[in-house]
Amino acid sequence: MEIFVLDTSVFTNPDVYSQFEEDQLGAIENFLSLASHAKAQFYMPTSVYEEFNKMVSLGELKPKFELVVRIRSPRRFNLMIPAEFLYEFIEEIRYRINKGLRVAEEHTKEAGRLTETETGKVINKLREKYREALRSGIIDSKEDADVLLLAYELDGILITGDEGLHRWADRVGIKLVDAKSFKYILESLAGIR
């Protein structure tokens, strides 16, 4: 039996959830219907479920969601992760901090030569570039860490539309499938295909 660990992006990223239906709640309902017939188990860490509930009001779907998707945190105190992962992560953070500093320096020099209105535009551009330099393609929240750790612990298949989670899961050897293929996989596991 396959084990899937779900990230919030499965239900909040329109590029991912639209495979089930264009309407977000309809997509969640269709996922639940397929998942309940699939020969698979579905997990979501508690922190991710809490984040998900802040983003989407499940309403009547909440009990069915909790019946189909097991809400469970990784066993953080018992879980062993490779030391190499920690070394790579620290190196990546250092690289990104330095990249962010270079972005800030570049925009600061530019802002020094501008009017107040133009400086506001430079600050907005700085925020965007800085966020991209530090957060794009990396694990940048406890929710991301929980999804990664739970998939590692359960030897599950991670389903996410998050580029950073995908990249780091691959580094640790976690099974991955393209989140946009998730409906097809569920249909196959439910005997529909």
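No experiment lies behind these values; they were computed from the predicted model shown.
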Exercise. Which residue pairs pass the side-chain hydrogen bond (donor to acceptor under 3.5 Å, both in side chains) test when at least one of the two sits in residues 10-29, sequence neighbours left out?
Worked result: Glu21-Asn30

For this session: Mind jotting down which residue pairs meet the side-chain hydrogen bond (donor to acceptor under 3.5 Å, both in side chains) criterion with at least one end in residues 54-63? Sequence neighbours excluded, please.
Result: none

Nearest-0.5 Å distance that lies between atom [atom1] in [X] and atom [atom2] in [Y]:
{"X": "Glu153", "Y": "Asp155", "atom1": "CD", "atom2": "CG", "answer": "11.0 Å"}
{"X": "Ser188", "Y": "Leu34", "atom1": "OG", "atom2": "CG", "answer": "10.0 Å"}
{"X": "Leu149", "Y": "Arg76", "atom1": "CG", "atom2": "CZ", "answer": "7.5 Å"}
{"X": "Leu165", "Y": "Thr160", "atom1": "CG", "atom2": "OG1", "answer": "4.5 Å"}
{"X": "Leu25", "Y": "Leu58", "atom1": "CG", "atom2": "CG", "answer": "7.0 Å"}

Problem set entry | Test salt bridge (Lys or Arg N to Asp or Glu O under 4.0 Å) applied to Lys175 and Glu2, step by step | CA-CA 11 Å; Lys175 295 176 227 164; Glu2 297 289 354; 5.3 Å; no

Seminar exercise, completed: Residues passing the ring pair (Phe, Tyr, Trp, His ring centres under 6.0 Å) test with Tyr152, sequence neighbours excluded, are none

For this session: Only counting residues at least two apart or in another chain, list the ones meeting ring pair (Phe, Tyr, Trp, His ring centres under 6.0 Å) with Tyr49.
Result: Phe65

Problem set entry | All side chain to side chain contact (heavy atoms under 4.5 Å, CB included) counterparts of Ser36, not counting sequence neighbours | Val68

Exercise. Which residues pass the side chain to side chain contact (heavy atoms under 4.5 Å, CB included) test with Arg70, sequence neighbours left out?
Worked result: Gln41, Tyr43

For this session: Go through the steps to decide whether Leu158 and Val147 satisfy the test side-chain contact (heavy atoms from CB on, under 4.5 Å), and finish with yes or no.
Result: CA-CA 8 Å; Leu158 179 61; Val147 168; 3.0 Å; yes

Exercise. Of all residues at least two apart in sequence or in a different chain, which pass the side chain to side chain donor-acceptor pair (under 3.5 Å) check with Ser47?
Worked result: Asp146

List in chain and number order the residues that pass salt bridge (charged side-chain N to carboxylate O under 4.0 Å, His left out) with [X], two or more places apart in sequence or in another chain; answer none if no residue qualifies.
{"X": "Asp170", "answer": "none"}
{"X": "Glu51", "answer": "none"}
{"X": "Lys64", "answer": "none"}

For this session: Determine, stepwise, if the pair Lys183 / Glu187 fulfils salt bridge (Lys or Arg N to Asp or Glu O under 4.0 Å).
Result: CA-CA 6 Å; Lys183 180 182 180 196; Glu187 288 173 342; 3.7 Å; yes

